[in-house]
Structure formats: structure tokens, C-alpha cells
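Labels below follow one simple rule: chain letters A, B, ... track the order of the sequence lines, proteins then strands, and each chain is numbered from 1. These figures come from a predicted structure and were not determined experimentally.
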Amino acid sequence: MDLIKIELPDGSIKEVESGATPYDVALTIGEGLARQSIAAYSDGELVDLNTPLKSSGTLSLITQNSPEALEIVRHSSAHLMAQAVKDLYGDAVQVTIGPAIKDGFYYDFYSETKKFVPEDFPVIEAKMTELAKADQAVLREEISRGDAIELFRGMGEDYKVELIEDLDAETVSLYRQGDFVDLCRGPHVPRTGMLKVFKLTSLAGAYWRGDEKNAMLQRIYATAFLNKKDLKVHLNRLEEARKRDHRKLGKELDLFSFSEEAGGGLVLWHPKGAMLRSIIEDFERKEHLKRGYELVVGPQILKTDLWKMSGHYDNYRENMYFTEVDEQGYGIKPMNCLAHMLIYKSKPRSYRNLPVRYFELGTVYRHEKSGVLHGLLRVRGFTQDDAHIICRPDQIDAEVKGVMNFVQDVAGIFGFEYVMELSTRPEKSIGSDADWDQATNALRSALEDSGLPYELNEGDGAFYGPKIDVKLKDALDREWQCATIQCDFTLPERFDLTYVGTDGEKHRPVMLHRVVLGSIERFIGVLIEHYAGSFPLWLSPVQAVVLNVTDSQAAYAQQVFEQLREAGVRVELDIRNEKLGFKIREAQVSKIPYMLVIGDREMENQTIAPRYRNGKNMDAMTVSDFISMVQTEASAYK
RNA sequence: GCCCACAUAGCUCAGUCGGUAGAGCGCAUCCUUGGUAAGGAUGAGGUCACCAGUUCAAAUCUGGUUGUGGGCUCCA
């Protein structure tokens, strides 16, 4: 037998016989390590623990402590689940795909007869446990593409056949455990006995290959961990996240509601929610004016012909609401750009006056598919902090950077972490290569200048131009697009926007569509979850509540309340005939930052005794001292 | 829009086998005047989401509609 040299991460070299596996190598170091190992990197490539090593090279073992371990375990758990399902339901169910995902894994099944229900979960879990306890070896096998097609066709697994038919490779790899076989790249745990902690979580429909024209598959979501403790931590985290859910908090804090009578996806803002909105809108106007934007306001409906001219009628009609009066058709605006262009067009423009930056808190209506509505995060009527920057091509760069800085400033104030994505030219697109290059480079260089990481979504741009998307996460870590910057060459063309250049000729400007918060509704949804309902003082709809200890201080409490309200503090008065503890509790539960307690002592000294919502009592102070404290704190966005 | 599930008092939820409904909180009234997270008593409040159907009888079974939740597709 030939000997090969295997270099380990610590630099040491093991000599083993050719054909030895990573498991064998692990054994030479220690039995414990071998037991702990899940897979390995051989020359940088992920391989199974029982893959024969044919030549000298590097080897790095993936143990339970490695970051990759969980993903492999979950992927193997997906196979185990598929095996269990096939064992239980046989030919009635076809397997398709089952990857590991963040927080777990899923497997998609096709069946005409078997409808999975949550009651099946314990049955499937029990079968999985049984199969795992059997501790079957998980074996990799490589066969030719043709043989694989024949094999899966013989088994009646049409979806697997389709997958293999679309593969380029000469050979494909299969994984077998017991009598279950699945097409898979691997790697997997060496034995099913290594899968110990798993839990089926939910059931969902999913289109085959993510295309709504294809068959609807049944997806079972599940999760798996290396030990029970990690599973428990994960379940606790989900529990905590549910407490932050903006839909739950929105009801508890009386911020907003939806009504079946009004219609799905249409928000009813209650006084406290409307106050929060209004605070954010005031903030927005101020910040935009500071940055050279001008406020504009367009109409809520515009003639249908205009939507035809813009291309929305052809490309976006499904999402629009239309109305007709006096035989004239109107479209309710799903976007704000049209009015802004009409304002631009209302008079001749010179290169000297560019860029123009039109800002509007524009309320739009979009007919979103019923299944996608989600609290405030996906609605049908919403207000965008929308602006259109119409500029010369040579100004794109500076304008994009300006918007990026704006976005970063605002994210800093709210304390958000975010993910950025650059989406480039899709296959179906319009405009010249030069335009696309220039716009894409402008966006890219703004991203590079920010020094922050971003993802590249090749070919994911709008048909009219590339874009940067900024995504924020909700309590459950789902990403929601908020800010976006899009370059557009099409609409200026379609609307024949022009400016007179230095040469006295007409030129075509470029338009940037951009939002900073995105939609006020969505932003507030994310904001509620971000702060778990405990808004900083400057955002709190109610900043303070005046509480009297007994009826005898009611008149003084009333006087303090009025003094605060006049000073612009958002304050409430609670002089109900209740014990102080009760009132404190209510204020605490509604997450009001300051509780101002007034008893005989305070009335005597003409002071108030503030209690912060973290439970800390402050020394008594005069009302005017409290007012200036609140003003200082709020103006610093605290 | 598609798949699965769900819809009972203002809120959170119970309601067994088909025999027309309960709790806690909240609300109202009264008692209590109490110093930092729930004082006590009494009372009001429900076309069981909506529309059909099965049945002597439907909150309960069946179908449809609307809405909601988790996904898929799509998107701020």
C-alpha cells in the first residue's frame, strides 16, 4: 500500500495508507476526536468522514465545535426526515429537495394523496428517532448521470429525475442510509446515530423550483441541533421574539389596528400610533430640508393615460387600483414619481439649477396579493418618504453618495444594523451599456466609500436601472427592505424631461428614485420590534404621565399636567381614584418613559418626583427643570 | 394569488360526544384615600367572523366568503 502525507491544521504531518479516511486520520489522534468528528475539509474541499484520501494533502476535521457542524447535521437531518416520510408513506410521497437553512432545515415533498397535517409531526419525529437509533451508516456513492436517472425513474421519483436531467455533471453523488437513497452533494454525518436533537416546526406550501407555474409541494420545516440545550435556547429565543412582535405590541400599546370592514392591509392609526408617525414625519421633513430637498405634494389619483405613458399600466397594472368618474379613468398612485416629473416639466430647466430634489411623504396604494400582507410590514396603503432627484449624468455620483450618507445618518440615530445589496442589470432591461455602467459604478463606489459590507445581486436590478437596497431585520430576523436608491434613465425619456446645457441644447437628465426609511408603516413596524415597544423619549407618543398619590393632590397634578402640555411635553394625567402602585404598573406596562409622582411632599414643595421606566426613582425636581431635562434629552434623539 | 392552519365578550383564552356559552383582565357603579408593578364588592357586556347546507337541534359537522397566522411567489 502506498503511504500518503496528510498535513493537519496545526502543521503536523500524519503518514497514512492511501485510501484511509478522515475518520482513520482522526483515530490516529484520538478516539474522542474521531467520535466528535462530523466531516472534514480535504485540500479545502468539504468531504465526508469516510471519503477515502487518495493522495497527500491537507486535512482539517470538522467537529461538533466547528461552525460548519450544525449545517451538516441539519442537512443530514433533512435526509433523515425524508427517509422517515418515505418509510411511513412510501410511494404516495415523492421526495424533492431538502436543504439546511438558517435556524434549521426543510424538505419539500410532492404527493397527490397524502396531505401532511401537524398531527403527523409526532409520528414522523418518532420514525426519525427510530431510524437514528438504528445508527445506519450514511454512505456516499458516485454513479453516472444516466444510471442515476434510471435509478430514480425506477423508484418513481420524478422530481429527482428532473433535477439530475438538468445537471451538467458526468457523474452524480448519492447518499444511502438503510434502504433510503437521495441525490445529494453532501457531505453528511457518517452515521444516522449522530442525529439526536430535531423537531418539526411547521408546514407550508412551496412551488417546485420556486416558480408559481409549477406544482405546489408540501414543505415541512424543522430544526436540528447538536444538543438539547441549544434547541432550548433557540426555542426560548423564538418565544422572546414573539413578545417583540409589532402586531402584538401594536395592540397592547394601542398604536394601530386593522379592520376586516375597512379591508386587509389598510392601517387604522390610533392616537398614539398617529403621534409616533407624526413625530417621524416631522423628523423627516426637517432632515430633508437640511439636505437641500424641496417639499412637494402630488395628487392621490392621476389620469390612467399618464400611467400608460409611464409604463406602469403595462408593467404594474395588477398592483394598481383604478377608478372612473365622468367617463374619465384615473389610477390611484402606487408610486410618487409621476407627479414629481410633472412638476419638473412645468417650466424649462437649466443645467445650473440641477439637481432638483423633490421630497414628498407620499401615500400610495398597491394591491398586494392577499397572502403577503403582514402587519405593518407589508400593507396595501402606505406612505413613503419618497424623493426624486433629477440631475445631470455627471452628478449621479455625488447624489448617490449624498443619499448613502443620509441613510447612514438616519440608521445611526435609530440605532439600526442593516444589510446592503447592490443589484445590477437584469437580462430584460432597457438603456445603453454606457448608462448602465455609469449608474452601476456610481452606486458601487458609493457603497465602497461607505466602507460597509454589501452583497452583490447580479442581474437583480430594476429593468430601468440598477439599485442599492438597504434591509432591516424584524424580531424574527426576517429582512425587510427599507431604504432603496434606484437609477432611472427610462422615465426621463418617456416623459421627455430635459434641461438646457452649457451648449444651449436640450439634454436628458437622470432620475434617482430613493427612499430613506422606505415606508413609514414598515419602518414603524421594524422600529417597534427594534425597541420592543420601549421607544426612546424623542419617539415616545407619551413621554410622561402625571400620577397623584391621593385625591387631595388632584388639583396640583392637573396644574402640573397643563404646565407640561403647554411646554410641548407629550404628557398624560392619571388622577383616577386608584392606588399609586396600580397607576405605576399601568404606566410601566404601557412603556411610558417618565412617571411623575405627586404626593403631599411634592405639592408642599411645588415639585414632582419622576420615576424612570427602568424602575429608578429620581430626586424631586421642579416642573421647569423636568421640562428642560426632557427637551435636552429629546433633541439629542435619546 | 397558491399551500396549510386558525376565527368564541374590548383583550387573552376555556368550551368534552351536536342540546343556543364561561374565566381572567378591562369597562360601569359603589366602598376604600392608599408613596413607586394589580385594594375590595356588585353589575353590564356575546347575531360564537359572515353566508348557505346537513340535522328535531350547530359555537361544534359540510361548503363558500372575508379576515388572520406560518410559508411559497412577488415586493417598500
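As the counterpart of U62(B), A52(B) is assigned, both hydrogen-bonding distances of the Watson-Crick or G-U wobble pattern falling under 3.5 Å. Base pairing analysis places U36(B) opposite nothing; no Watson-Crick or G-U wobble pair with both distances below 3.5 Å involves it. Base pairing analysis places A14(B) opposite nothing; no Watson-Crick or G-U wobble pair with both distances below 3.5 Å involves it. Base pairing analysis places G43(B) opposite C27(B); the two distances defining the Watson-Crick or G-U wobble pair are each below 3.5 Å. Searching all strands for a Watson-Crick or G-U wobble partner of C2(B) with both distances below 3.5 Å returns G71(B).
Per the geometry, NZ belonging to K579(A) stands 10 Å off C1' belonging to A38(B), to the nearest Å. In this entry the distance linking CD of E578(A) with P of C30(B) reads 13 Å, nearest Å. Nucleotide C72(B) holds its P atom 12 Å from the CD1 atom of I97(A), rounded to whole Å. K583(A) places its NZ atom 17 Å from the C1' atom of G26(B), with the value rounded to the nearest Å. Regarding E318(A), its CD atom lies at a distance of 14 Å from the P atom of C2(B), rounded to whole Å. Distance CD (E284(A)) to C1' (A76(B)): 13 Å, rounded to an integer number of Å. Whole-Å rounding puts the Y107(A) OH to G71(B) C1' distance at 18 Å. For the pair K369(A) NZ and C74(B) P, the computed distance is 8 Å after rounding to whole Å.
Summarising the geometry, atom CE belonging to M320(A) is positioned 13.0 Å from atom NE2 belonging to H367(A); distances are rounded to the nearest 0.5 Å. Annotation: the span from R242(A) atom CZ to R237(A) atom CZ amounts to 10.5 Å, rounded to 0.5 Å.
When the side-chain nitrogen and oxygen atoms of R611(A) are compared with OP1 and OP2 of A37(B), one or more of them lie within a distance under 4.0 Å. Within the 4.0 Å cut-off from OP1 or OP2 of U12(B), at least one side-chain nitrogen or oxygen of K251(A) is found. Considering only side-chain N and O atoms, R478(A) lies under 4.0 angstrom from the phosphate OP1 or OP2 of G70(B). Between S370(A) and the phosphate of G1(B), there is a side-chain N or O to OP1/OP2 separation shorter than 4.0 Å. Taking side-chain N and O atoms only, R247(A) has no distance below 4.0 Å to OP1 or OP2 of G67(B). Remark: Q481(A) is in phosphate contact with A76(B), judged by side-chain N or O atoms under 4.0 Å from OP1 or OP2. Using a 4.0 Å cut-off, some side-chain N or O of H374(A) falls inside it from OP1 or OP2 of G70(B).
Counting non-hydrogen atoms under 4.0 angstrom, R522(A) reaches a base of the nucleic acid. Nucleic acid contact class of G210(A) (heavy atoms, under 4.0 Å, all strands): sugar-phosphate only. Residue contacts shown for D600(A) include a base, since a base heavy atom lies under 4.0 Å away. Using a 4.0 Å heavy-atom criterion, one finds that V515(A) contacts no nucleic acid atom at all. Residue contacts for V364(A): at a heavy-atom cut-off of 4.0 Å it reaches no nucleic acid atom on any strand shown. Using a 4.0 Å heavy-atom criterion, one finds that G371(A) contacts the bases of the nucleic acid, with or without backbone contacts as well. Heavy atoms of G375(A) sit under 4.0 angstrom from primed sugar atoms or phosphate atoms, though from no base atom.
Aromatic ring pairs are classed by plane angle as parallel below 30°, tilted from 30° to 60° and perpendicular above 60°; the pair H513(A) and H388(A) is perpendicular.
A donor-acceptor contact under 3.5 Å is formed by the side chain of E602(A) with the base of G35(B). Applying the 3.5 Å distance criterion, the base of G1(B) shares a donor-acceptor pair with the side chain of Y207(A). Residue side chain R378(A) reaches the base of C74(B) through a donor-acceptor N/O pair under 3.5 Å, judged by distance alone.
The E260(A) side chain lies nearest to G67(B) when the options are G35(B), G39(B), G67(B). You'll find that the side chain of D551(A) is closest to G34(B), out of G34(B), U73(B), A38(B). Distance from the side chain of Q588(A) is smallest to A37(B) among G34(B), A37(B), G1(B). Closest contact between the side chain of E368(A) and the listed nucleotides C74(B), G1(B), C72(B) involves C74(B). The side chain of Q486(A) lies closest to A76(B), out of A76(B), C72(B), A37(B). Closest to the side chain of V597(A), out of A76(B), A37(B), G35(B), is G35(B). Across A76(B), A37(B), C27(B), the shortest atom-to-atom separation from the side chain of R576(A) is found for C27(B).
Here K243(A) pairs with E240(A) in a salt bridge; the nearest charged N to carboxylate O distance falls below 4.0 Å.
The cationic atom of R74(A) (NZ for Lys, CZ for Arg) lies less than 6.0 Å from the six-membered ring centre of F225(A) and within 45° of the ring axis. Cation-pi geometry between R585(A) and F582(A) is not met: the NZ or CZ atom fails to fall both under 6.0 Å from the ring centre and inside 45° of the normal.
Nucleotides C3(B) and G64(B) have their P atoms positioned 11 Å apart, rounded to a whole Å. When the C1' atom is used for both A14(B) and G53(B), the distance is 29 Å, rounded to whole Å. Comparing the C1' positions of G15(B) and U8(B) gives an interatomic distance of 9 Å, to the nearest angstrom. Here, G46(B) and A23(B) have their C1' atoms 14 Å apart, quoted to the whole Å. Straight-line distance between the P atoms of C17(B) and U55(B): roughly 23 Å, to the nearest whole Å. Taking atom C1' on both nucleotides, A59(B) is separated from A21(B) by 8 Å, rounded to a whole Å. When the C1' atom is compared between C61(B) and C56(B), the two are found 16 Å apart, to the nearest whole Å. Distance check on atom C1': U12(B) versus C50(B) gives 24 Å, rounded to whole Å.
Applying the side chain to side chain donor-acceptor pair (under 3.5 Å) test between R209(A) and each of D166(A), D108(A), T96(A) identifies D166(A) as the sole match.
Each of S259(A) and A204(A) lies near RNA chain B, and the nucleotide nearest S259(A) is the one positioned closer to the 5' end. Nearest-nucleotide assignment on RNA chain B puts the 5′-proximal partner with L203(A), out of R366(A) and L203(A).
You cannot call Y221(A) stacked on the base of G71(B); the centres under 5.5 Å and planes under 30° rule is not satisfied.
Not a single donor-acceptor pair under 3.5 Å links the side chain of Q606(A) to the backbone N or O of E602(A).
Two residues are said to be in side-chain contact when any heavy atoms from C-beta on lie closer than 4.5 Å; M595(A) and P610(A) fail this criterion.
Minimum heavy-atom separation, V419(A) to E455(A): CG1-OE2, 4.3 Å.
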